[in-house]
Amino acid sequence: MLHIEYVHYEALRAHGEETYPHECCGVLLGRSLAGVNHVREIVRAGNTRTDSAHNRYNIAPQELIKIQRQARTAGLDIVGFYHSHPDHPAQWSTTDFAEAHWIGCSYVITSTDHGRAITTNSFLLAGTTEEDKRFEDESIEIEIAQPQASEIQPGVTEITIHGDPA
Amino acid sequence: MKIHIPTPLRAYTGGQETITLAAQNVGGALVALTTEFPALRQHLLTPEGKTRSFVNLYLNDDDVRYLPEKDDSPVSDSDELTIIPSIAGGCCL
């Protein structure tokens with residue numbers, strides 16, 4: 001399962017709208033606990049595939065290293081990545097699978113239809129090696145923080161999305 | 001020197017994010033690392049002993065592939081080697 005605050009969930013979807021008709025990409029920082037990838041922060045990354053940005057993305061290793069350092073300083077880990085599929089479903093592609101190497105991490109995909117974010121799905125890269133890796137549908141639990149006003153009981157509302165195949 | 005291990009490979013280093021070891025060059029550091037943590041080897045190297053194509057090695061801020069001496073590049077105790085698998089993909093053909 002992927003657990004993410006609403007503000008981060010909306011931010012990664014908005015990123016896909018901003019870069020349309022190109023793919024956006026970014027990194028999810030947080031902690032992995034008891035099989036749940038908890039997102040604490042998202043970091044936008046540049047898509048270096050300027051030759052084919054409408055259907056490809058790549059994060060420069062140098063940028064990834066900087067993000068990993070940032071995570072380390074904050075006491076966080078890289079727990080996943082996100083990107084968008086302009087005018088295509090929010091489903092992993094053969095290219096996504098071939099290029100996925102971060103086993104145990106969440107791969108979040110948002111479909112953007114004519115510049116509007118439609119569906120967001122998450123897939124866990126499961127397995128132990130390159131030979132037995134596989135994508136598994138992963139539910140997304142969205143945490144919505146409530147106002148902390150004295151007359152309102154503090155707490156959170158959680159929405160769980162189970163693999164929308166759209 | 002310090003070697004930084006990416007999230008997916010920490011399962012093979014007992015959960016350690018940073019490994020400190022002594023080595024004379026990059027190749028030696030990898031040998032020392034995979035000797036101490038043998039299960040890492042198949043994730044970093046091909047059966048022929050080459051670094052897997054999707055595994056990036058950075059000595060401080062430099063891609064080891066583009067260093068003049070590549071794996072033979074000398075290292076000191078203050079150097080940091082970062083192992084970072086690539087991240088890429090795309091929606092369709």
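Since the model is a prediction, treat every value here as computed from it, not as a measurement. We name chains A, B, ... by the order of the sequence lines, and we start the count at 1 in each one.
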Query - Parallel, tilted or perpendicular: ring planes of Phe81(A) versus Tyr107(A), cut at 30 and 60 degrees - result: tilted
**Report entry** Which of Arg49(A), Gln62(A), His83(A) touches chain B most, by non-hydrogen pairs under 4.5 Å
**Finding:** Gln62(A)
**Report entry** Options Leu125(A), Ile65(A), Ile78(A), ranked by heavy-atom pairs under 4.5 Å with chain B, top entry
**Finding:** Ile65(A)
**Report entry** Basic-acidic side-chain contact under 4.0 Å: Arg56(A), Glu23(A)
**Finding:** no
Query raised in the report: Checking heavy atoms, do the side chain of Ser86(B), its backbone, both or neither come under 4.5 Å from chain A?
Result: both
Query raised in the report: Does any donor atom in the side chain of Arg52(B) or Thr46(B) lie under 3.5 Å from an acceptor atom in the other side chain?
Result: no
Query raised in the report: What part of Glu131(A) is in contact with chain B, defined as an atom under 4.5 angstrom from a non-hydrogen atom: side chain, backbone, both or neither?
Result: side chain
Query - Proximal component of Ser32(A), with respect to chain B [non-hydrogen, under 4.5 Å] - result: neither
Query - Parallel, tilted or perpendicular: ring planes of Tyr82(A) versus His15(A), cut at 30 and 60 degrees - result: perpendicular
Query - Steps toward side chain to side chain contact (heavy atoms under 4.5 Å, CB included) verdict (Val75(B), Gln24(B)) - result: CA-CA 6 Å; Val75(B) 298; Gln24(B) 293 191 325; 5.8 Å; no
